[in-house]
Amino acid sequence: MQDLTGVTGGQQQRALWLSTFAFTVCFAIWMIFSIIGIQIKQQLGLNDTQFGLLIATPVLSGSLIRIFLGVWADQFGGRKVLTGVMLCGAVATWLLTYASTYTQFLIAALFVGIAGGSFSVGVAYVSKWFPASKQGTALGIFGAGNIGSAATKLLAPMVMVAYGWTTVAKLWAVGLAVAGVLFFLLSQEDPSLEERRRTGVKPMPFSEQMAPLRNLQVWRFSLYYFFVFGGFVALALWLPRYLIGAYGMDVKTAGIIAACYSIPASLFRVVGGWMSDRMGARTVMYWTFGVSVVCTFLLAYPDTQYVVRGIEGDIAFRLAIGVVPFTVLVFVLGFFMSLGKAAVYKHIPVYYPQHVGAVGGVVGMIGGLGGFILPIAFGAMNDLIGVWTSCFMLLFLVAAAALAWMHFAIRRMERRRHPGLVQETDLPEIIEAAGSVARR
């Protein structure tokens, strides 16, 4: 357990809110291609698969570096590492405006993705300021910085329509640089780093930091995050394109409705952290995956025309989800994804208190890779299958797989701890039938 003696409530709140502010600005940059990518697609004449790769490329780099940034945050302090991430992201976003070919855009997008690595740094930094009983709420508040995605969707379309995508990139780059300087000037080093300096203890070696990754449990948490965060990022990137294509909207309207998904999927992460502290993260995860399976199943149903051969002739009717029910379902999906994002990260400081940076980095990396893989898969499925709702079909399969693995893993742990549960079942007829077979 970390020693928080001498840490005041004011210091905790300052570290939490400064980190949340920094992460919000970083996330706004990380999602910038969801808007400017639409104009770049038109400029370069890209198909949906190429567009999916372009908007997902920043997510790839931002995900892969999370594990290293998380470890560095544990070793050298989150204050320095997060400041460096923000300044590098700002430079990369400014240089993006000089790209002119598809290859150049992909390379530039890789470096813009550095901003996405801020999450694992922030998790390691914020968790150092709070005891385990309050980490769920604190990390939930920090994770609400995902709302930076909504800020980009609301503001970037207006700037892009008026001045072009290059102005969006330059303005967002300046904003990130200013935020990075402010964070460094106003924040403090975390308590564990100060304690190591005082006692002369060296940082934990990289190999020791990575030791927990041998546990299958870490990779199960990663699958959870692949859906709740990777799915969130993928939809945050894909929804503007989906709404323009499936419902014929203009970019401004599509951005507003996409923000209706991003806002609850960000802000309610705070509620998810609070619920995880009060009700338990496991209960929250059951609700998350259960509701997500239902929502994605309904959203996956394609616009379909039916003809039924009736008694007095054919009867034709249509089943399709209109804009209003689509928005409601997406809002509900985003809400429960936000609860799940907080619940996943409630587990990590509890199970791995000395390895938050490494484990949090790996889980964040896999979740971020979901945000990279899924948009590409969405575009490829559009090109190959030709059905707009195919993206939700894929999300349904991922959510169902995560729910099944979680449930059976939990049942296995319960039976290991309580051997008597092996004989328990919700269907007593099964036990009676088994006993009858044994007697025969």
Side-chain angles (χ1 to χ4, degrees), residues 1-7 11-12 14-27 29-30 61-92 111 113-131 135 138-139 142-143 145 176-213 218 345 348-349 352-365 368:
M1 295 295 292
Q2 57 185 343
D3 184 10
L4 295 176
T5 304
V7 175
Q11 289 176 312
Q12 291 176 327
R14 180 161 72 167
L16 174 59
W17 292 107
L18 281 173
S19 300
T20 303
F21 165 71
F23 180 51
T24 301
V25 181
C26 285
F27 210 88
I29 292 290
W30 206 33
S61 54
S63 303
L64 293 178
I65 64 173
R66 283 184 172 190
I67 184 171
F68 303 103
L69 292 176
V71 171
W72 291 341
D74 277 341
Q75 292 181 326
F76 308 115
R79 179 173 175 247
K80 295 188 185 72
V81 177
L82 185 52
T83 301
V85 166
M86 296 173 77
L87 295 179
C88 289
V91 172
F111 289 96
I114 292 172
S118 58
F119 178 72
S120 60
V121 181
V123 167
Y125 180 71
V126 170
S127 65
K128 297 296 195 324
W129 291 94
F130 293 87
Q135 285 174 344
L139 293 177
F142 168 74
L176 183 58
V178 171
V181 173
L182 289 175
F183 175 79
F184 183 78
L185 294 176
L186 299 176
S187 61
Q188 296 176 281
E189 300 289 3
D190 63 72
S192 63
L193 182 64
E194 294 289 356
E195 179 66 15
R196 288 207 311 266
R197 287 175 176 173
R198 187 181 64 81
T199 58
V201 176
K202 293 183 178 181
M204 187 181 297
F206 184 82
S207 58
E208 190 175 340
Q209 285 270 18
M210 306 304 288
L213 304 189
V218 173
Y345 269 86
I348 295 172
Y352 306 100
Q354 304 303 318
H355 303 83
V356 175
V359 176
V362 168
V363 172
M365 178 186 72

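Judged as a side-chain contact (heavy atoms from CB on, under 4.5 Å), and not counting sequence neighbours, the contacts of V25 are F21, L176, A179. Applying the side-chain contact (heavy atoms from CB on, under 4.5 Å) rule to S61 yields the partners L110; only residues at least two apart in sequence or on another chain are considered.
Contact detail for C26 and A115: the closest heavy-atom pair is CB-O, 3.5 Å. Shortest non-hydrogen contact noted between A138 and L16 is O-CD1, 3.3 Å. Closest approach of V85 to I114, counting heavy atoms only: CG1-O, 3.4 Å. Counting all heavy atoms, side chain and backbone alike, V123 lies closest to F142 at N-CE2, 3.7 Å. The shortest non-hydrogen separation linking E189 to G77 is OE1-CA, 4.3 Å. Minimum heavy-atom separation, V121 to G78: CG1-O, 3.7 Å.
Annotation: side chain of F27 is not in contact with side chain of F119 (no heavy-atom distance under 4.5 Å). At least one side-chain heavy atom of Q188 sits less than 4.5 Å from a side-chain heavy atom of W129. Annotation: side chain of L87 is not in contact with side chain of F184 (no heavy-atom distance under 4.5 Å).
Between the CZ atom in F23 and the CZ atom in F183 there is a gap of 12.5 Å [rounded to 0.5 Å]. Of the inter-residue distances, the one linking Y125 atom OH with L18 atom CG reads 7.0 Å to the nearest 0.5 angstrom. Remark: S120 OG to I65 CD1 distance equals 7.5 Å, nearest 0.5 Å.
Although no hydrogens or angles enter the test, the distance criterion places no donor-acceptor pair under 3.5 Å between the side chain of R79 and the main chain of D190.
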